[in-house]
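Here the structure comes first, spelled out in structure tokens, and everything after it is commentary.
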Amino acid sequence: MSNTDTAPDMSFENDTERWQRALEAAGLGVWDWNLKTNICIYSESWCRMLGYRRSEFAENDDLFLLLIHPEDRERAIESGDRHLAGKTDRIETELRLQHKAGHWVWVLDRGAVIERDENGNPLRAIGVQTDITQQKQVERDTSLVNERFRLALTAADIGIWHFDVARGRSFWDAKTCEIFGLDTVSKEIDGDTWHTFLHPEDRHEAETRHFQALSEKSEVKVRYRIVRQDGEIRHLETLAKAVPNQGGAGYLVGTIRDVTAEVEAARALQTEKERYEITLGAINDAVVSTDVDGVINFANPSAERMFSLDEQDLIGLNVDSILRGKGKIKSVQSGTTGGFKDDVVLEIDTSYYRCRRSPVVGSEGKCVGQVYSSHDITSDYNRRKQLAYAAHHDSLTGLYNRVAFDEALEAAILQAGETRLAIFYLDLDHFKALNDFAGHAAGDEALKAIAAGLTALLPEGAFFARLGGDEFAILLKDYDRTSAENFATEAIAAVRDVSLSCAVNGPRLGCSIGVFVIDDASIVPSDALARADDACYAAKSAGRNRFAFFTESRSTRTSGLSAAREVADLTEALEDNRLILFGQEIRSLQRPNEQCGRLEILARLESADGRIIGPGSFIPAAERFGMAAMLDRWIIRKALAEHGHRLGSANLKVGFNLSAQTLCDPTLWPFIKEVAEETFTPLSQIAFEITETAAVSCFETAELFVRSARRHGCSVSLDDFGSGLSSFDYLRRFPISCIKIDGAFVEKIVESKVDRAIIASIMELGRNLGFDVVAEKIENEKVATRLQQLGVAYGQGFHLHKPEPLDDIIGRRSGDAVQMERGIAAVGS
Ligand code: C2E
Ligand code: CA
Ligand code: CA
């Protein structure tokens with residue numbers, strides 16, 4: 001295709017060389033195309049541009065077509081053809097040529113026809129190819145950067161703008177326009193437009209900061225609001241930076257972002273947080289939150305109070321150590337101290353809290369911490385504790401109560417095994433008298449003092465309860481008969497030694513104790529207590545201020561004895577007419593062998609097997625079960641019905657013992673009158689014996705009765721005089737006719753100077769106030785003589801007359817009276 005012969009005219013050798021050197025230095029390749037021969041010559045510099053030497057090619061090779069990139073070939077040929085056809089001023093195209101090393105070299109091909117024939121047909125064209133590979137690379141890189149930048153802006157929803165300071169014009173991209181609520185086409189706008197959008201409240205700040213960026217050549221970030229044309233308010237964030245330009249005033253370049261959603265979310269979060277804080281601050285529950293490791297990161301004011309620490313001091317502490325350090329953990333169920341569960345009761349100082357733990361679950365479903373909320377339950381807890389305490393304790397003395405004792409006894413019997421248990425049933429003597437006479441407050445004080453006195457005595461493991469009223473029970477483990485006896489003795493002494501702060505003169509309180517030692521584990525607890533109770537009655541009947549052991553044989557029946565059973569038997573005895581009346585005569589000490597026309601009626605019970613039982617074992621039971629009044633009335637009715645009509649003619653006065661229940665019944669006097677009328681008994685032949693213990697229960701009713709009885713001619717004796725607390729007081733209150741000195745003063749009269757002195761003073765009293773004195777329990781001659789020496793006129797006792805059936809006494813007396821009448825008649829006839 002090419003030929004050196006037809007090479008272009010290079011007539012100016014020097015010029016050509018110079019050109020060539022210049023072209024080479026510029027890195028340009030030259031082509032020279034003879035259109036007539038269609039041979040194109042490429043310069044040595046062209047060849048070198050592609051890594052070749054000219055000599056490596058054949059002369060006629062169309063090197064251009066040989067090395068061009070297939071994709072560029074058509075376009076390149078077309079560009080040439082258009083120019084040759086006269087459609088363009090010159091050939092100008094970019095194309096790739098393959099380098100000798102295999103890679104592609106981008107070249108800019110520029111050329112033009114330089115010679116035409118007379119018809120204007122092109123004859124020769126010449127051109128230059130420039131290596132633009134590097135430029136192409138830069139172009140590609142730039143477009144990549146631009147693309148990335150565009151993507152980033154789109155992804156971040158960021159608009160860009162700049163302000164040309166000199167021109168006072170702004171350029172807003174499509175996104176910026178969209179943010180301002182304009183059509184989304186990038187545009188150049190007047191620099192003032194931006195200002196018209198600013199929210200009045202933010203205008204100053206926004207303008208100042210933008211200006212600051214310009215003047216200080218710094219970068220500023222500013223948030224402000226705009227008001228869109230439709231009135232909508234948006235929050236924007238701008239990052240602006242001054243960019244200088246050569247000689248000019250420069251630009252302010254920036255990004256802009258709509259942060260409305262962000263601001264609103266933050267505000268909502270803040271509101272929410274405030275709401276929580278206000279709520280947590282207002283509630284009484286203490287709330288503490290921790291991270292996964294239990295380190296406190298929040299505490300509300302109630303929590304500060306609960307732990308007596310400021311929030312700042314609480315934060316950072318380990319919740320477990322503070323809970324353990326400040327309080328005691330009690331589990332809800334058992335009330336025992338233990339580890340932290342999800343719901344526990346916590347004791348801090350004197351307060352109790354119900355503390356609940358809940359996990360905080362993060363967005364990934366994992367626990368990210370804990371919240372502990374504690375509710376102050378002090379009053380509730382204390383109330384429950386008090387209730388539980390009250391259910392098992394006696395409020396006055398603080399001792400256990402009956403319920404607690406029953407439970408303890410049952411448990412002890414179950415556990416006892418080989419060990420022996422001793423039950424002590426204590427009943428105070430004369431307590432009622434103290435209570436009524438000195439007042440309930442004094443009674444309460446006495447009970448407390450006695451409880452304290454006995455508590456001091458108790459060995460370890462003892463269970464001490466107040467069963468009610470003046471009754472107490474003590475349960476001791478590992479006690480046999482001997483040790484139980486010692487304890488009972490000490491207990492009696494302790495009660496006697498209790499000092500009563502109330503102003504009660506006279507004898508101290510005493511107590512009667514019944515002891516039952518359990519040696520049979522199969523016994524029912526209630527039976528065990530009933531046996532101790534029975535023994536206590538036995539002790540009481542035996543004269544109070546003493547103890548008695550329960551014994552099967554003590555009972556008059558073969559089966560075990562209990563007060564309730566005794567009463568049942570008593571009722572039965574009344575029905576069977578097995579209650580019989582005995583009498584004991586009162587005699588003049590001057591004529592001890594003669595009747596003197598006075599006797600005391602004493603009740604006896606005939607057992608099923610015919611034995612005679614004294615009132616000591618059934619009267620207390622009757623009193624306890626409210627049957628004493630019935631019993632006394634029965635006796636009075638029976639005695640008067642059988643003998644009343646004869647008493648007048650026999651000149652015999654019969655005395656009835658009245659229990660408290662009898663004496664306290666306001667209908668007693670009408671009853672007596674009625675029975676006396678019915679049985680034709682002269683009231684003057686009836687005497688009553690009342691004890692201070694009985695009268696004290698109902699002072700006024702008793703007084704009324706005594707006055708009525710005395711007004712109608714009945715005699716009234718004050719029985720057991722001196723054994724009570726304040727016997728002398730009764731003398732003042734009751735218009736009695738006789739005093740019966742308690743046997744306790746009489747029996748030791750021979751030995752005891754004190755007792756003699758007491759009796760002497762009673763005698764003195766009787767003389768002055770004008771009533772008879774009868775000494776009880778005269779058991780021998782010596783006593784009788786002594787009493788006589790002291791001036792005692794009447795006596796009663798086994799030495800004078802042993803109690804015997806009433807029928808016998810009255811029968812004898814009536815016989816005597818008849819004989820006497822006969823004798824008188826005989827003398828008179
Ligand atoms: P009391 O009124 O003091 O009766 C005297 C008690 O002393 C009687 O006992 C009598 O048997 C006993 N006694 C008399 N002389 C002597 C003696 O020399 N030595 C001894 N050791 N004792 C003597 P008893 O019959 O066992 O009566 C005991 C108590 O039972 C009576 O004491 C009385 O308080 C009460 N009592 C008896 N019968 C009745 C009754 O019908 N109704 C009521 N409410 N109580 C009664
Ligand atoms: Ca009596
Ligand atoms: Ca008596």
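Numbering of ligands and ligand atoms starts at 1, following listing order. Just so you know, residue 1 is the first one in the sequence shown, and it goes up from there. Note that the structure is a prediction, hence the values are computed from the model and not measured.
Contact atoms of ligand 1 toward Leu602: 4 (O), 8 (C), 10 (C), 11 (O), 25 (O), 37 (C), 38 (N) (distance under 4.0 Å to a heavy atom of the residue). Taking a cut-off of under 4.0 Å to the non-hydrogen atoms of Ile778, the atoms of ligand 1 that pass are 18 (O). Against a heavy-atom cut-off of under 4.0 Å, Asp632 is close to the following atoms of ligand 1: 40 (C), 42 (N), 43 (C), 44 (N). Near Pro803, meaning under 4.0 Å from any of its heavy atoms, are these atoms of ligand 1: 11 (O). Under a 4.0 Å criterion applied to the non-hydrogen atoms of Glu776, ligand 1 contributes the atoms 3 (O).
Between the side chain of Gln661 and the backbone N or O of Ala628, at least one donor-acceptor pair lies under 3.5 Å. The closest donor-acceptor contact from the side chain of Ser737 to the backbone of Val716 lies under 3.5 Å.
Side-chain contact of Thr397 with Asp394: a donor-acceptor pair under 3.5 Å is present, judged by distance alone. Side-chain atoms of Asp427 and Ser512 include no donor-acceptor pair closer than 3.5 Å.
Surrounding CD of Glu751 are more than 12 heavy atoms belonging to other residues, nucleotides or ligands, all under 6.0 Å away.
Residues satisfying the ring pair (Phe, Tyr, Trp, His ring centres under 6.0 Å) criterion with His645, sequence neighbours excluded, are absent altogether.
Looking at Ile619 against ligand 1, only its side chain comes within 4.0 Å, counting heavy atoms.
The shortest separation from a heavy atom of Gln796 to ligand 1 is not under 4.0 Å, leaving the residue out of contact. Ligand 1 lies out of reach of Gly614, whose nearest heavy atom is not under 4.0 Å from it. Heavy-atom distances between Lys740 and ligand 1 stay at or above 4.0 Å for every pair.
The Ca ion (ligand 2) has no N, O or S atom of Ser717 closer than 3.0 Å. Residue side and main chain included, Glu776 places no N/O/S atom under 3.0 Å of the Ca ion (ligand 2).
Nearest residue to atom 46 (C) of ligand 1 from Leu658, Ile636, Asn657 is Asn657 (criterion: closest heavy atom). Here atom 16 (C) of ligand 1 lies nearest to Phe798 when heavy atoms of Phe798, Phe582, Trp634 are compared. Across the listed options Gln584, Glu600, Lys777, Glu689, Glu600 owns the non-hydrogen atom lying nearest to atom 1 (P) of ligand 1. Residue Ile635 holds the heavy atom nearest to atom 41 (O) of ligand 1 of all those in Ile635, Asp720, Thr691, Val746.
The pair Asp742-Lys777 fails the salt-bridge criterion, with no side-chain N (NZ, NE, NH1 or NH2) lying under 4.0 Å from an Asp/Glu carboxylate O. With respect to Asp807 and Arg812, no salt bridge is recorded, no charged nitrogen being found less than 4.0 Å from a carboxylate O. Salt-bridge annotation for Glu703 and Arg707: present, with a side-chain N of the basic residue lying under 4.0 Å from a carboxylate O of the acidic one. Here Glu689 pairs with Lys740 in a salt bridge; the nearest charged N to carboxylate O distance falls below 4.0 Å.
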In a table with atom names and distances, give each donor-acceptor pair under 3.5 Å that connects a side chain of residues 786-794 to protein atoms at least two apart or in another chain.
{"unit_1": "Arg786", "atom_1": "NH1", "unit_2": "Gln789", "atom_2": "OE1", "d": "3.4"}

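The Ca ion (ligand 2) is the vertex of the angle joining OD2 of Asp719 and OE2 of Glu600, which measures 180° to the nearest 10°.
For ligand 1, the polar-atom distance check against Ala603 finds a nitrogen or oxygen pair separated by under 3.5 Å. The distance criterion of under 3.5 Å between nitrogen or oxygen atoms is not met by His799 with respect to ligand 1.
You'll find the side chain of Val654 reaches within 4.5 Å of the side chain of Phe656, heavy atoms only.
Take the N/O/S atoms of Glu689: the one nearest the Ca ion (ligand 2) is OE1.
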